[in-house]
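Numbering of residues begins at 1 and proceeds along the displayed sequence.
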Amino acid sequence: MAAALATASTQPLTHRLPAILCAAATRLEQMTPDASMSEHARHREIQVSVWDHHGIYNNTVVGRDITAVLTAIRDVPLAGTRAAYADRLRATARTVTR
């Protein structure tokens with residue numbers, strides 16, 4: 001039996017964004033919730049969350065999603081801990097209009 005290849009989601013980003021943001025928030029809380037939030041941590045957790053959402057990492061749609069998600073949350077303040085930032089990501093996810 002041949003292995004099935006994963007394909008990138010074809011839904012609009014607005015449909016994927018809440019799930020991606022919530023997944024990133026969960027990762028930030030589980031890793032080191034009391035650590036200071038940083039741009040590097042934001043980029044890494046968004047990147048991994050987009051990869052997980054699509055099930056692949058080497059696709060142009062995935063690359064565009066990483067860039068689009070980072071752009072969508074660029075104004076979410078990095079101040080405070082990773083747990084506090086996770087709360088802000090979840091709040092942002094609730095405001096996404098589909």
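With sequence neighbours excluded, no residue forms a side chain to side chain contact (heavy atoms under 4.5 Å, CB included) with S36. Scanning for salt bridge (charged side-chain N to carboxylate O under 4.0 Å, His left out) contacts around R90 gives E29, with sequence neighbours left out. Listed by chain and number, the residues in a side chain to side chain contact (heavy atoms under 4.5 Å, CB included) with A83 are P33, T81 (sequence neighbours excluded). A93 pairs by the side chain to side chain contact (heavy atoms under 4.5 Å, CB included) definition with P18, L21, C22, not counting sequence neighbours.
Here the side chains of I56 and V61 are not in contact, with every heavy-atom distance at 4.5 Å or above. Contact annotation: the side chain of Y85 approaches that of R88 to within less than 4.5 Å [non-hydrogen atoms, C-beta and beyond].
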Donor-acceptor list for residues 66-78 side chains, cut-off 3.5 Å, not counting sequence neighbours:
{"from": "T67", "atom 1": "OG1", "to": "G63", "atom 2": "O", "distance (Å)": "3.3"}
{"from": "T71", "atom 1": "OG1", "to": "T67", "atom 2": "O", "distance (Å)": "2.9"}

Inset, instruction - Please lay out, stage by stage, how E45 and L89 fare under the test side chain to side chain contact (heavy atoms under 4.5 Å, CB included). - result: CA-CA 12 Å; E45 299 311 332; L89 278 184; over 6 Å; no
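For S49 against A23, the heavy-atom pair with the smallest separation is OG-C, 3.6 Å.
Applying the salt bridge (charged side-chain N to carboxylate O under 4.0 Å, His left out) rule to pairs touching residues 33-43 yields E39-R42, sequence neighbours excluded.
H54 and D65 form a side-chain donor-acceptor contact under 3.5 Å, judged by distance and modelled atom types alone.
At least one donor-acceptor pair under 3.5 Å links the side chain of S38 to the backbone N or O of A41.
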